[in-house]
Amino acid sequence: MTAARQLLPLLALPALLGACAEVGRDQCLRSAVAEVRTIDGLIAETEAGVARGYGISRQTVPYLERRRCSDGRGTCLYTETEVIETPKAIDPRSESRKLALLRARREAALPRALDHIAACKATWPQ
């Protein structure tokens, strides 16, 4: 019985190492597409502003909220945040130029992302 207990961690080792490889691969793939995703988000936000005719300004504002304390006794103040959105004026020509630059940047970032994805898949094959 003691030999079986000693063998059990060794038997679980390949599964644990496989899980670590999956995490490493996922992290690598996420970092590979991070720039393209960010640019895509900026493009979508700019396109929405041009279509709407105005932009949206977002400001994070902290506020205090009284809730029951985590120990269950009494009430405590907790800091929460709220995002306040307000309309802002945009220059359509400037936004169109920004959109063109973002699209060009995306086209330049895409091959790098694809190369990074290929390197991730070579490093961590399934």
Side-chain angles (χ1 to χ4, degrees):
M1 184 102 163
T2 30
R5 282 189 182 167
Q6 290 173 348
L7 266 175
L8 190 59
L10 292 175
L11 292 174
L13 192 60
L16 290 172
L17 291 176
C20 289
E22 284 298 314
V23 169
R25 183 172 196 232
D26 290 346
Q27 288 175 343
C28 185
L29 291 173
R30 264 194 305 280
S31 71
V33 298
E35 183 181 8
V36 175
R37 278 189 177 179
T38 300
I39 294 169
D40 284 344
L42 292 170
I43 288 172
E45 186 175 337
T46 306
E47 286 175 339
V50 169
R52 216 179 14 250
Y54 61 91
I56 304 271
S57 175
R58 291 176 185 85
Q59 183 179 12
T60 304
V61 179
Y63 65 94
L64 294 174
E65 182 173 289
R66 186 175 300 275
R67 291 189 300 217
R68 181 170 299 282
C69 294
S70 58
D71 64 3
R73 293 181 281 173
T75 59
C76 296
L77 290 175
Y78 291 92
T79 303
E80 297 291 336
T81 57
E82 179 180 7
V83 177
I84 306 293
E85 295 182 347
T86 54
K88 68 176 182 178
I90 60 169
D91 176 19
R93 284 185 290 186
S94 172
E95 294 296 303
S96 294
R97 284 192 302 272
K98 181 166 98 173
L99 211 45
L101 289 171
L102 285 169
R103 287 182 178 138
R105 181 180 255 175
R106 185 186 191 282
E107 290 303 315
L110 202 53
R112 288 192 306 268
L114 293 173
D115 289 344
H116 195 160
I117 289 170
C120 291
K121 288 181 177 181
T123 304
W124 288 285
Q126 282 189 356

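Numbers here simply count residues along the sequence, with the first being 1. What you see below is based on every heavy atom in this structure, not just the backbone, and it leaves out hydrogens, waters and symmetry mates.
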Quiz item: Got a sec, which residues hit side-chain contact (heavy atoms from CB on, under 4.5 Å) with S70, two or more places apart in sequence or on another chain?
Solution: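 If we apply the side-chain contact (heavy atoms from CB on, under 4.5 Å) test to S70, skipping adjacent residues, the hits are Y78.
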
Self-check item: Residues that R30 engages under side-chain contact (heavy atoms from CB on, under 4.5 Å), provided they are two or more places apart
Solution: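 Scan of R30 (side-chain contact (heavy atoms from CB on, under 4.5 Å), adjacent residues dropped) gives D26, Q27.
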
Among pairs that include at least one residue of [range], which meet disulfide (SG to SG under 2.5 Å), considering only residues two or more places apart or in two chains?
| range | value |
| --- | --- |
| residues 82-114 | none |
| residues 46-104 | C69-C76 |
| residues 89-126 | C28-C120 |

Quiz: residues 54-61 side-chain donor-acceptor pairs under 3.5 angstrom, not counting sequence neighbours:
| residue | atom | partner | partner atom | Å |
| --- | --- | --- | --- | --- |
| R58 | NE | E85 | OE2 | 3.2 |

Linked hydrophobic residues, [X] as query - side chain contacts closer than 4.5 Å:
| X | value |
| --- | --- |
| L102 | I39, L42, I43, L99 |
| L77 | L64 |
| Y63 | none |

Quiz item: Shared ILVMFWY cluster between L29 and W124, side chains joined below 4.5 angstrom?
Solution: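 In one cluster with L29: W124, no.
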
Filter on salt bridge (charged side-chain N to carboxylate O under 4.0 Å, His left out), then keep only pairs touching [range], sequence neighbours left out; what's left?
| range | result |
| --- | --- |
| residues 67-76 | E65-R67, R67-E80, D71-R73 |
| residues 99-109 | D40-R106, E47-R103 |
| residues 111-121 | E35-R112 |

Quiz item: Counting heavy atoms not belonging to R52, are there more than 12 under 6.0 Å from its CZ?
Solution: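 Atom CZ in R52 is crowded, with more than 12 foreign heavy atoms closer than 6.0 Å.
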
Quiz item: Which atoms form the tightest heavy-atom contact between A32 and I117, and what is the distance?
Solution: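 Taking A32 first and I117 second, the nearest heavy atoms are CB-CG1, 3.7 Å.
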
